[in-house]
Each structure stands twice: as C-alpha cells, then as structure tokens.
Protein chains: 2
Amino acid sequence: MKRDISIVEVAKKAGVSIATVSRVFNNSGPVKESTRKKIEQIIEDTGYYPNMLARELADKKTSLIGMIVHDMTGEGMPRTINGVNDILESSDYNLLIACTNGNLENEKRQFEIFKSKRVEGVIFATARFTKEHAEVIQKYSIPVVSLLQDTEMFKIPFVAFNNYDLGKEATKKLIEMGHTKIGFIGGPLQSANAEERYKGYADSLQEAGIQLDNDLVINGNFHIEDGYNKMKSLMERSKNITAVITVNDGVGIGAINCILDMGYKVPEEISVLALDETVLAKASRLKLSGIHYSYTELGKAGAQMILRMIENNRLEFEKYVVPYEINMRESTSDRN
Amino acid sequence: MKRDISIVEVAKKAGVSIATVSRVFNNSGPVKESTRKKIEQIIEDTGYYPNMLARELADKKTSLIGMIVHDMTGEGMPRTINGVNDILESSDYNLLIACTNGNLENEKRQFEIFKSKRVEGVIFATARFTKEHAEVIQKYSIPVVSLLQDTEMFKIPFVAFNNYDLGKEATKKLIEMGHTKIGFIGGPLQSANAEERYKGYADSLQEAGIQLDNDLVINGNFHIEDGYNKMKSLMERSKNITAVITVNDGVGIGAINCILDMGYKVPEEISVLALDETVLAKASRLKLSGIHYSYTELGKAGAQMILRMIENNRLEFEKYVVPYEINMRESTSDRN
DNA sequence: GTGAAAGCGCTAACAA
DNA sequence: TTGTTAGCGCTTTCAC
C-alpha cells in the first residue's frame with residue numbers, strides 16, 4: 001500500500017518550509033520562481049496531493065452538499081439528482097447522498113450526520129415533510145432547501161411543482177375539449193401533492209359550472225396496476241365517462257390498458273390525460289397525453305438555490321415553482 | 001447563526017478535561033459514573049456533536065465511499081445506487097456521488113478529488129472502462145470496484161452481468177421455440193457490453209447449426225426510436241424474419257411498435273425478445289418477453305465487495321457475476 | 001479515573 | 001521571499 005505523502009515530506013525534500021509548499025500549491029502568496037519550480041517538480045515526482053480533511057478543518061469549509069432522498073426508484077428522483085449534479089459540477093462542491101426509504105428517523109439521523117460532517121447545505125427530497133423535519137432542521141442553522149414539498153408554512157425554502165395548477169389546467173383543458181364527464185384517478189390520500197392535484201381538478205370543474213361527481217373520483221397508488229384496477233372500478237360505476245385524468249403517467253398507462261381491454265377505444269370513446277408524465281408516456285404504444293414537469297429543472301433550481309444561500313450566508317425563506325408543459329399526444333380527443 | 005460548540009467548551013462547562021469528554025462521547029475508557037452523568041447532561045443541554053472532520057483527521061478514517069457514475073437517466077443506475085445504499089445504510093459508511101456524463105477527464109478528476117477527500121473506496125459505474133482509468137486508479141492504492149464492466153484485464157475487481165451469456169441464452173431460447181430466422185438489433189458498436197451480447201447471439205446460432213445472416217443483424221442505439229427505425233430496416237431487408245432480439249427493452253418496445261404499424265402481428269408473426277429488460281417491459285401494452293437483471297443486486301454486490309476490501313485491506317482482484325432471469329411474457333410465441 | 005500533551009495535515013497571520 | 005507558529009477539534013498514549 002503506497003503511503004500518502006504529506007506536506008511536511010514535500011517541504012523536507014525541497015529544503016523549504018511547509019508554508020512555502022502551501023503557497024505553491026494554493027498559489028497564495030509570493031514564491032521565488034526557482035523555488036516554485038523545484039517544489040512543483042517534487043510534487044510531481046512524489047504524487048503529493050493535499051489531505052482535504054486537514055485543509056477543511058483549518059478552513060472550516062468542506063464544499064460538501066448533503067442530499068437526503070427518500071427513494072431512487074421512479075423516474076423523478078434520478079433526474080433531479082442529475083440536475084443537482086449539473087449545477088454542482090461547475091462549482092466545486094461535492095454531493096453527499098443518503099437514501100432513507102422514507103423513514104423519518106432515518107432522515108433525522110442522516111441530517112445530523114451531515115451536519116457533523118460539516119456539509120454546508122442540505123437538500124431534502126423526501127416524500128413528506130413534517131413538522132418534525134422542520135424542528136430538527138431549525139435546531140441547527142444551516143442552509144436547507146426542500147424539493148417537491150411546499151414548506152412555506154415552516155419557512156423552509158423550497159423548489160417544487162405547482163400541483164394544484166397541474167390538476168386545474170389539465171381539467172380545464174379537457175373541459176375546453178368538450179368533456180364534462182371527467183374521471184379522476186388520484187394518488188394516495190396521505191400525499192399532500194396528490195391532494196393538491198385533486199383540489200385543482202375539483203376547482204376547475206366548479207369554475208366551469210360542472211357538478212363534482214364523487215362516482216368519478218377514485219384514489220389509488222402510483223403504479224401501472226393501480227391505474228388498471230381503478231379505471232375498471234371507475235368504468236363500472238359510471239358508464240358515461242368520456243375522459244379521465246390520472247395522477248401520473250404510470251397510472252395513465254394502466255388506465256389505457258384497462259379501457260382497451262374492456263373493448264372501448266382510446267381516445268375516440270375515452271380520453272386519458274396524465275399528470276406528471278415522464279419517459280413512460282412515450283413507451284406505451286398509444287402515446288400518452290400529459291402534463292410534463294422537468295425534474296432536471298427541479299434539481300438545478302434546488303442546487304442553485306442552496307448554493308446561493310451558502311454564498312450569501314442567508315437563511316431567509318424563498319421559493320421557486322418549476323413551470324410545466326402540456327403535451328397533447330394520442331390519448332386525448334376533442335369532442336367539439 | 002447558532003455557532004457550533006466544540007469539545008473544549010463542553011469540557012470547560014463540566015470542569016473536566018477534553019479527554020474525559022471524549023471518553024464519554026465515544027465510550028472509550030473508564031469514567032466515574034457521576035462525571036459521566038454530568039457530561040452527558042451538558043452534551044444534551046448544549047446540543048454538542050463532534051466535528052467529524054477533526055475526528056477523521058485524527059483517526060485517519062472517513063467512512064466515506066465514493067461513487068462515480070456516468071449518467072443517472074435510464075433505469076439501471078438509480079436502482080444500482082439504491083442497492084449500494086441498502087448495504088451502506090447498515091454499515092456506517094456514507095456515499096459521495098459524482099456524475100460525470102461519461103467524460104474521461106471528469107472521471108479522472110473526480111477520482112482524484114475523492115482520493116484527496118480520503119474516501120476509503122471508490123465504486124466506478126462508468127459507461128466505458130479504459131486503460132487510462134486503470135492507470136489513474138493504480139497510481140493510488142485504494143480499493144476500487146468497477147460495476148458493469150469486465151475489468152479483469154486490468155486486475156480491477158468488478159461486479160457485472162454476463163452479457164455474452166445473455167445474448168446466448170436468449171438466442172437459444174428462441175431456437176428452442178422453433179425460430180431460425182432470428183434478427184438482432186444490437187447496441188452501439190463502441191459498447192463492449194453490447195458487443196458481448198452480439199457474440200452470444202452469433203455463437204448460439206452457430207451451435208445450433210444455423211448460418212449467421214448479416215442481413216438479420218443491425219446496430220443502433222439504446223432508445224425506443226432506435227428500435228423502431230432499425231426494426232423497419234430489418235423487415236425491409238428480410239421478409240421472412242420470425243423473431244428479433246433487441247439489445248434492451250426500450251429498443252424492444254420500439255420494435256414492437258414498428259411491427260404492429262407495418263401490419264404484422266406480435267407474437268404470432270414476429271416474436272420480440274428483449275435483453276436487459278427493466279420496468280419499461282411492463283409499461284408497454286403488449287408485455288415484453290425479456291431477460292432480466294437486477295440492478296439492485298448489482299449495486300448490493302458492489303457495495304459488499306468494496307466494504308470487504310476495505311475491512312480486510314486487500315486489493316486483490318475478484319469478481320462477481322450477477323445472475324439473470326428469463327421472463328417469457330406476451331411478445332414471444334412458440335412455433336413448434 | 002482523570003488530565004496533559006502530542007499528534008493528525010493543513011492554512012494564515014506574523015516575523016524576519 | 002521565506003520561515004515560524006498558532007490554531008482547527010478531536011483521539012490517544014502516558015503519567016499521575
């Protein structure tokens with residue numbers, strides 16, 4: 001095992017003091033050209049590189065950003081991380097990642113570990129953000145940005161999508177296309193984001209003067225099979241449904257599969273519009289219409305925000321809402 | 001901004017030396033019950049937690065594993081990382097991740113940054129693994145595990161799938177089902193893994209006494225559209241094709257879409273078998289038959305290997321091949 | 001049981 | 001230009 005060489009040994013070999021070596025390495029302060037050359041040569045020969053721990057300890061600066069993620073499966077998170085990385089790459093910060101599987105205790109523990117590792121900021125990308133999260137965070141003063149959750153009530157800066165608008169716009173769009181019997185396959189009831197999407201749906205109907213029909217609303221989970229099963233129930237309950245909005249694209253695909261299996265046509269008889277569509281939307285044979293969010297943008301914005309907070313040493317609340325995009329493809333039809 | 005409190009201040013408040021505080025915190029060495037109680041109380045009150053940088057500097061141990069990833073989009077990598085995390089979670093190592101977008105310079109730089117951050121091991125999950133990678137790695141003596149690439153020739157330990165077997169088994173399976181005109185839509189020519197899959201295909205045909213027909217082989221990329229376009233060319237070139245193997249599931253889905261669009265039936269007229277299928281396989285309406293690898297297992301095995309290397313302080317070459325699983329679903333039919 | 005003190009490897013203020 | 005030295009916050013001998 002080749003031993004790591006320290007600044008002392010470099011200095012010794014060069015016959016100078018460690019201060020001079022440090023100056024050469026960091027270009028901090030004047031050094032005579034000849035000694036600089038000599039030291040550079042020795043650094044080259046020995047393969048010396050500084051021990052960051054020592055440097056960071058002396059500097060009180062780690063250039064480390066911690067990121068707490070609840071789960072990596074699914075389309076969104078990897079892209080988010082990619083976005084974060086894109087930004088960090090051109091800074092010289094490094095990303096420390098912890099995956100917590102949505103366990104609150106885990107999340108608290110990781111945050112404290114990060115804190116003791118002297119990370120300079122933490123990005124939270126958790127499935128839920130509770131008062132307990134806020135309490136732990138506020139115990140330490142360190143820049144924190146939450147992703148995907150509206151944490152305004154805790155005064156924690158965040159970057160997120162506007163789930164309410166998402167539900168509202170999608171519904172409005174279908175209404176404009178002449179639909180009135182619009183089903184809604186929502187997400188799990190505990191999900192704040194899924195709830196917002198539902199609210200948008202309900203409000204949009206109301207604004208258009210359409211009576212909200214509980215038979216047209218059903219809640220499930222986020223997977224393809226959920227979409228299939230829930231669509232089946234929906235169709236059994238209301239025969240005259242002409243469109244359905246699904247909480248995400250997996251559910252949308254499940255719904256399409258179900259409709260086709262039951263012998264109806266998409267989009268001629270029933271339109272399917274997915275919220276929060278990702279690459280899955282293009283994998284299905286019938287290209288799904290959907291509202292699209294860029295998770296990459298989410299990650300980028302989050303990284304930029306935390307970097308800004310670190311640089312300016314500010315902990316004030318701020319927020320950024322990532323815009324969306326409506327992509328009408330093959331699973332929706334205009335009835336007008 | 002609440003200031004971090006150090007061990008000195010705790011010691012001062014408790015009227016003891018820092019050594020004693022250290023003993024209490026780490027349970028290293030005897031402390032009188034009463035002083036222990038007092039110190040614990042003060043730790044509690046002040047919210048003291050140790051500065052890991054200082055501890056690590058003194059210990060020469062960071063409990064950090066670096067991971068260099070070329071790209072997070074795509075199904076595999078996130079799952080791999082999840083697997084790594086699963087294992088690290090129950091150790092007390094933390095994961096430092098860098099995303100390099102497949103840029104070699106970037107990868108080298110990151111490795112050196114990791115090294116100077118004193119990570120205890122590095123997991124490489126790059127698209128390609130070149131001699132240059134090996135050289136940089138060998139310059140430093142630190143445990144390294146490569147993922148997805150057979151790095152035996154460089155004596156770098158690795159965990160990977162057996163791409164050759166993959167191609168071979170898939171082909172064999174189709175031959176057993178009575179197919180002889182079997183197409184192959186391969187991956188990019190520069191990809192060593194894609195090449196291995198092709199070799200398996202070719203060898204399998206040969207073993208069955210079937211003449212390799214170059215008209216049945218075509219190379220493309222890994223995406224859905226590639227599958228669509230290449231399948232089209234393939235069908236134009238050979239009218240009597242009855243089955244096709246695709247380098248991955250995205251390409252498989254593209255191929256199915258193309259076949260259906262051209263008015264043929266899947267699997268009655270043409271079977272599609274995907275190598276390296278992931279969740280996409282279930283998203284398509286016609287469930288794709290495929291050979292499946294667990295990326296989670298890949299990540300787990302990689303993490304276990306690096307942990308083992310670190311604990312035992314060994315750098316010897318070793319390898320692990322993750323087993324696969326054949327899932328015959330709806331896109332293949334038996335002609336016998 | 002407890003404390004003093006010597007590192008760990010580096011930066012930066014101060015002297016020379 | 002260069003060297004000396006005092007930290008940074010912690011662990012760990014070695015005495016007492």
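Numbers restart at 1 for each chain; the letters A, B, ... are given by sequence-line order, proteins then strands.
Between B:K38 atom NZ and C:dG1 atom P there is a gap of 16 Å when expressed in whole angstrom units. Atom NZ in B:K61 sits about 12 Å away from atom P in D:dT12, given to the nearest Å. Summarising the geometry, the separation between CD1 on B:I43 and P on D:dC10 is reported as 10 Å, rounded to the nearest angstrom. Taking atom CZ of A:F25 as the reference point, atom C1' of C:dA12 lies 17 Å away to the nearest angstrom. Look at CG on A:N27: it is 15 Å from C1' on C:dA12, rounded to the nearest Å. Rounded to an integer number of Å, the gap from NZ of B:K117 to C1' of C:dC10 is 14 Å.
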So which protein nitrogen or oxygen atoms get under 3.5 Å of nucleotides 2-6 of chain D's nitrogens or oxygens?
| residue | atom | partner | partner atom | Å |
| --- | --- | --- | --- | --- |
| D:dT2 | OP1 | A:T35 | OG1 | 3.1 |
| D:dT2 | OP2 | A:K32 | N | 2.5 |
| D:dT2 | OP2 | A:T35 | OG1 | 2.9 |
| D:dG3 | OP2 | A:S17 | N | 2.9 |
| D:dG3 | OP2 | A:S17 | OG | 3.3 |
| D:dG3 | OP2 | A:T20 | OG1 | 2.6 |
| D:dG3 | N7 | A:R23 | NH2 | 3.3 |
| D:dG3 | O6 | A:R23 | NH2 | 2.4 |

Between the protein and nucleotides 7-9 of chain C, list every N/O to N/O distance that falls short of 3.5 Å.
| residue | atom | partner | partner atom | Å |
| --- | --- | --- | --- | --- |
| C:dC8 | O3' | B:K60 | NZ | 3.4 |
| C:dC8 | O2 | B:A58 | N | 3.4 |
| C:dG9 | OP1 | B:K60 | NZ | 2.7 |
| C:dG9 | N2 | A:A54 | O | 3.3 |

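Remark: A:I18 engages A:I7, A:V8, A:A11 in a side-chain contact (heavy atoms from CB on, under 4.5 Å) (not counting sequence neighbours). Partners of A:E196 according to the salt bridge (charged side-chain N to carboxylate O under 4.0 Å, His left out) rule, which considers only residues two or more places apart in sequence or in another chain, are A:K199.
With respect to A:K13 and A:E9, no salt bridge is recorded, no charged nitrogen being found less than 4.0 Å from a carboxylate O. Salt-bridge check for B:E112 with B:K139: passed, with a basic side-chain N closer than 4.0 Å to an acidic carboxylate O. Taking a cutoff of 4.0 Å between a charged side-chain nitrogen and a carboxylate oxygen, B:E56 and B:R118 do not qualify as a salt bridge.
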Would you list the atom pairs, donor with acceptor, under 3.5 Å between side chains in residues 150-157 of chain B and any protein atom, with sequence neighbours excluded?
| residue | atom | partner | partner atom | Å |
| --- | --- | --- | --- | --- |
| B:D150 | OD1 | B:E152 | N | 3.0 |
| B:T151 | OG1 | B:I156 | O | 2.7 |
| B:E152 | OE1 | B:K319 | NZ | 3.1 |

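There is no side-chain donor-acceptor pair under 3.5 Å between A:Q304 and A:Y320. Side-chain polar atoms of B:Y49 and B:D4 form a donor-acceptor pair below 3.5 angstrom. A donor-acceptor contact closer than 3.5 angstrom is absent between the side chains of B:Y295 and B:N82. Counted by atom type alone, A:D45 and A:Q41 present one or more donor-acceptor pairs between their side chains at under 3.5 Å.
Axis angle, first five pairs versus last five pairs of the helix from C:dG1-D:dC16 to C:dA16-D:dT1: 40°, rounded to 10°.
Distance alone, capped at 3.5 Å, places no donor-acceptor pair between the A:N26 side chain and the A:S28 backbone.
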